[in-house]
Every structure is written in structure tokens, then in C-alpha cells.
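For reference, the structure discussed in these notes is given below.
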Amino acid sequence: MLTKVLYIDLSRYRYRIEDRKDLFEEWLGGTGVAVQLLKENMDPKVDAFDEESAIVFAVGPLNAAYPLASKTVAMFKSPLTGNLGESHAGGRTATSIANAGYGAIVITGKSRKPVYIVVDNDRVYFRDARVIWGIEDSLIVARIIAENEKGRGTRSVMRIGGAGEKLVRYACVTTETYRHFGRLGLGAVFGSKNVKALVVNGRSSRKIEDRKAYREVYDEIFKLATESDAMKKYHLLGTAVNVRPLNEKRGLPVMNLKTTSFEYAEELSGESLAEIIGRRIACSHCPVACIHIAALRLPYENEPYFYKTLMLSYDYELIYALGTMLGMRSKEDFLKVLYRVEAYALDAMTTGVCLAWATEALEKGIISEKETIVKLEFGNSDAYAKAVEYITHQPNEFYRILAQGVEKASEVYGGKEFALAFGGNEMPGYHTGYAAHIGYSIGLRHSHLDNAGYSVDQKIDSYPEPEDLVRKLMKEEQWRQILSSLVVCFFARGIYKPDIVCRALKPVGVEIEENELKELGERIYFEKLRLKKAMGFDAKKLRLPERIFETETPHGKLNREYIERALNYFARVVEEC
Amino acid sequence: MSEKKKIKRLVIKDIEKCVGCGMCMYACSRRKGEAGIDSSGILAVSLSGFERGATVIFCRACTEPPCAQVCPTGAMRAKEGGGVLYHETDCIGCGNCIEACTIGAIFRRRNGKPAVCVHCGYCADYCPHGVLAYEEVEPEAFSRVIV
């Protein structure tokens, strides 16, 4: 089992390694352990940018042991919501941390000058980053670091771009070019600690006692991943396959959710983007290779026969946030804005929602071009590309506020009724019905992936009592605490069912029964909820933007009373826990 | 010439198809009873970042292997028909072989000793995208740049 925890103290440039068998035996790994480590290493009340705030990266018993166990959990105080921050990323993060021999890495303190941290198996180095601080393109940052450091093929380079340095509260941490600790502002926490990057290089193995059992269950998972339909969606068009059906069913948020069907949806569909796929890439130890990379060939502005080719990875959520929400009429326009978002390393979803809100606010005259500097209008990719730069550089008061998210911006300027955030986190791309919106609200990360309400909406014809729907969503979220403690990719949830999880755990030294596993999921969920409460979460204050009741869903217009009853019930659960 | 014995080798079918998943690396160590990559004789890498693609690096089974020539203890020995045999109990972990390989296809394990591909072909079954295969080849043919 991976039970070692690496503690890095940036204020004193020191590190230590401790065996925390106690934590991993009780809480498995990933989310389960990260909750405990965050509790231990920071006062829940401190500000996200305080020197005392901590960042935890955690992996679990299945990482580097089985395919599709390719995710790392990051836990921190979110500068966007002021509450619990948790985001998951793939790439090589998880296998590098596991192969370096760690179950978790805890970063505390604040460096006096810019540094990047290199974890090379059991050694930690603090590298001078003064020269690369200010390089805003996260891809360039990674290239420089990659040339300086060893570990080609076995390292992960988790870095920030300009947005993280400038403390945009939804800056992300990018890794292996195409994967992100996207949501809730981990990049800004890196920036506040003067950390440009965390490099983890790991090359080791864990000895397996029962080789035969290990290989058998490994092969079973491998076959399910490559031969069954379990991963087909991700293997084929990827999540972008959602654009067409959501548009047809009218669940696709368009132009700040003023509508749910879009004239140009076909142009932004997975089928359309597939025409320009230049490459596919995989996370480490995953045969699916769900990372779809579009090749955007662009001419030089003033020189004929000169071209550059940008390689940009896309997924449904990006198409939603920077495509349909901004009214983009061509995939090229969408990709041009995405390119800027990737370079500065911003969370694409929050950026898109913020810009969509700003566009509507400008349309309605709540703000003027004095604030926005460029004329934001749906479909205008040049204006949005410029605005992404302004969010990063914050040249005026308006962009300083917009860099804090749509909740804050609408508090200052108005337009709350169309400011699409839940629990302070900007809305994901599903206006599919009650379960989606209740799911965003009650999800402990306010993410669609917490409890997959959007999926419930697409499967049911009629809704149960709101209290029952909340219980159903909570149950799903509780099981997902196990998936994110193992840590497997949520896309592989169709493979990692309780039975196979128990069998996969055995050869790596974890004996647990299915019912115990489910109980553990519930316990982790409530531990996380209690931490969230300690950080100031008040379910009674959850705000529902008026817009979600105005725009038709596939289930018709939503009834406020139903959602309020659901949230009241959830508030009681929170109060009692 | 035609009487020469054919040898089974791990070969590249189409390197441009590599997605960098590293399933081959994990297979290699798993064969030795490990979860991880410590003993892997194959490495999946990106090409200056994943936007430029990915590739795998492993032993080409040279007929005159420099790694064997620089081994002071005879732990790394040239194999008839190309490639090497590695005897761990003779190895002092000097790392000469790692330095000597022109394509960087010998890897240092945590204990300082090398990991090298012995062309068993186990990993090829786990390559999901048709990059690797385990096939009979003519030794001379295998030494050419493009197989």
C-alpha cells in the first residue's frame, strides 16, 4: 500500500516524509485521505491565499496498479468560493506520485520568491523560478521546466500560467499539456504561494504477493476497458458526443442560458470537431485515450503560405462554456478562445460563464464598454479572446472583479438573476432538469460530476418527491467518494463497480467487503461535508439564479418550489451532520 | 542466408499511432510481479510535450550491443542474433550500459541496476492501438532503421 505522505513546507524550504498507515488504512486514499490531511494541516477558517492555507494531492491504492486509475485528487481552500476546493486531474499526475512512493503530498507555507518544486522520488528540490515567473503561456513554462529536469516519461509537470500568477480566482493547474486541476482555483493558490510548478518524478513499483490474482483481475479490467462497451463513448467521439442530443432535447445552455437550442450546434458538435482531430492522447496507464486534440491550422496574419498549427484538446464542457454559451458560430472561433484560456491556464467553464454573464450585462446596459473595454457580443471570438487576456491582466476595476467569478461580479454590478453559479461555482453544461440543478447545489464541489444529476434527468420521465431525489443524488455522491479515493477516473465508473473494486483491492493489500466499501463512501462524504461546514458552508444560503426557471428544459420549465423543497431538505441534512 | 533462424522480437508497427498511454510499461513490470514501472524495459514519452505526440523507447536488439561491450562484469551479454541477456546477480549497478545506449533504451531501477527489454513480447498484448507487435523477424531486417 502507498502510505507515505510527503510534507513540503515552503516557508522554511523543508520537507519530511511520514508513514501514515493510520490514515490510509482507515480512509483508503484520494478524497478520503485528502479530507483528513487538509483538516490536519490547515485551520478551516483561514483565507485561501493565506500563508497558512494548505494544498493536498492524494492518490489511492489502485493508482499505478490498474488501468484507468489515472486520477489525482487535489484538495485546498477555494479562492473562488471561499469554501472547500477539490479538483481531480489525470495526465501523469497519479502514476508519478504513486511511482515516487507517495500516497499524498501536502504543501504548506509560502515561498518568499518564485520557485518551482521538484519531487524526484524521495528527494525534494526548491528551484529558483524568478526567471520563468511572468511567462504567461503554461505550455512554454512546461517546455522550459521539462528541459531543465530529468524524468522524461515518468514525471508530471503541474504548472500555472499567467492567470495563476495574477491570482485569478479560477486559475487552473495544467499538467501534461492537456489535463487540468480545473475547477475552484487551485492555480491561484499556487500563485499565492509563489509556486510556478510542482514536478513529480517517480520510478518504482510495489511488490505484489499474489501475482496470479493480480494479473487475473487486471486482465478482466483491461478487457472490459478495451473490448466491452463500457468506455466506448470516450473511446469514440468523447464527451463532445453530448452536443447533438442535448441540443435536440433542449438541454444545451446557449448564450448565457437564454435558450437551450442553438442554430450552430451542429458546427460545434463532436462529429464536426472530429473532422479536425489531429491526434489522440492518453492519460498514463489508460488504454482509452479519451483526449481528443483538434489541429487548428491558422495562417500568419501578413505572410502568405505561412501557417502555424495549434493542437488543442476539447471536451463537452469546453464546447459548452466557450462555444455555445458564447454563441460561437464556428469551431475555429471556439478553438481560438480556448487557445487563450489554455495559455493563461484558466478554468474554461468558469471563464465561459463569466464572459457569458458579462455579455448579457452589457446587452442589458448594467455595465458599459467602459467596463468591458472590448465590445463583448455573442459570437465574437476576437472580443472574447481579448477579454480572456483582460481577465488575466485585470487592467481595470471591472476585470479585477470579474477575475473573482460571476457571483462576485453580479454582487457588485447586479444581474444576479442571470449569473449562473451554484454554491459560488459557475454552472456546468447541463440544463437538463431538476436533478442537474439540485445536483450542482448540493454537490460538495458544486460540480456536475459530484452526483451526476444531469444523467438522472436524461434517464427519468417523472420525478420523485424532492427529498427522494436528494437522497438518490447523495447516494451517488457517496459511492463516488470511493471512486475518488481509489483513485479511478469517473469515466470508468461503469467498470469499477463494487464487486470488481473489492477484487482489485485484494492483491494490492486492501481487504474490504462490498458493504464496508459503501459504508466507507458514506463516511467520507460526511467527513467532507463537516469540513465544508467548518469552512463556513451554509446550505440555507444556496442561491438559485432566476434564469434556470425562465428557460425551458427537456422536462419543461422548472418549478421553483420543487427545488426549494429539495434544498431545504438538504439543509436539514447539513445541519444534522 | 535463407537458412538463418528467424527470431521473435518486439517490433514497432506504426510509431505515429502511439498515444503515450504507457500500458506497455506497466505490463513489463507486472510480468515481474510488480505494480508500477521499476523493472520496465520500455518507456512511453511525449515528444517535447504531448502536443507533438508520443513514442515508446525500448531495446532495438543490436547485433553489436554497446551496452554489453562496456559492462565490466559480464552481467550484460550480447545474445546470438541480437539483443542482450542480463544477469542481475553479476551486476554491480555501475550504469555503464545506461550511458552507452545511444537511444537511451536502458533504464535505471530504484536499486541502481538496469532494466532492459529482453523481447519477451508480453507488453505487445496490452498495446491498445497497434503500435507494438511480437513477431518473427530476420535478424538483419530487424537491424534496419525501419522494420
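So you know, we letter chains A, B, ... as the sequences are listed, proteins then strands, and number each from 1. Just so it is clear, the model here is predicted, and its values are computed rather than measured.
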Handout entry: chain B contact via A/Asp210 - which portion, at a heavy-atom distance below 4.5 Å
Key = neither

Handout entry: Contact origin within B/Lys17 toward chain A - heavy atom pairs under 4.5 Å
Key = neither

Completion exercise
Per side-chain hydrogen bond (donor to acceptor under 3.5 Å, both in side chains), A/Ser156 is matched among A/Glu176, A/Arg179, A/Arg92 by A/Glu176

Problem - Largest heavy-atom contact set with chain A, pairs under 4.5 Å, which of B/Met23, B/Arg30, B/Met25, B/Arg31 - result: B/Arg30

Exercise for the section: Mind ranking A/Leu312, A/Ile281, A/Thr177 by heavy-atom pairs under 4.5 Å with chain B and telling me who comes out on top? Expected result: A/Ile281

Problem - chain A contact via B/Ala27 - side chain, backbone, both or neither, heavy atoms under 4.5 Å - result: neither

Practice task
Using non-hydrogen atoms and a 4.5 Å limit, figure out which bit of B/Leu43 sits close to chain A: side chain, backbone, both or neither.
Solution key: side chain

Fill in the blank from the handout: Under 4.5 Å to a heavy atom of chain B? For A/Arg206 that would be both

Practice task
Could you check whether the rings of A/Tyr218 and B/Tyr126 sit parallel, tilted or perpendicular, using 30° and 60° as the cut-offs?
Solution key: perpendicular

Handout entry: Closest heavy-atom pair and its distance - A/Ile208, B/Glu34
Key = CG1-C, 4.2 Å

Handout entry: Over 12 non-hydrogen atoms of neighbours within 6.0 angstrom of NE2 in B/His129
Key = yes

Practice task
Say whether B/Asp38 and A/Ser204, considering side chains only, have a donor N or O and an acceptor N or O under 3.5 Å apart.
Solution key: no

Fill in the blank from the handout: Most heavy-atom pairs under 4.5 Å with chain A, out of B/Gly22, B/Ala54, B/Gly53, belong to B/Gly53

Problem - chain B contact via A/Arg280 - which portion, at a heavy-atom distance below 4.5 Å - result: both

Exercise for the section: Pick one of side chain, backbone, both or neither for A/Ile291, based on which atoms fall under 4.5 Å of a heavy atom in chain B. Expected result: neither

Problem - Cation over ring face, A/Arg159 and A/Tyr116, 6.0 Å, 45° - result: no

Problem - Part of A/Ala65 lying under 4.5 Å from any heavy atom of chain B - result: both

Practice task
Go through the atoms of B/Ser48 and report whether side chain, backbone, both or neither lie under 4.5 Å from a heavy atom of chain A.
Solution key: backbone

Problem - Residue A/Ser313 versus chain B: region with a heavy atom under 4.5 Å - result: neither

Exercise for the section: Hey, can you tell me if B/Tyr26 and A/His285 have their rings parallel, tilted or perpendicular (30° and 60° cut-offs)? Expected result: parallel

Exercise for the section: Measure from NZ or CZ of A/Arg279 to the centre of the six-membered ring of B/Phe50 and say whether it is under 6.0 Å with the direction within 45° of the ring axis. Expected result: no

Exercise for the section: Go through the atoms of B/Asp125 and report whether side chain, backbone, both or neither lie under 4.5 Å from a heavy atom of chain A. Expected result: backbone

Practice task
State whether the number of non-hydrogen atoms from other residues, nucleotides or ligands found under 6.0 Å of B/Lys113 atom NZ is greater than 12.
Solution key: yes

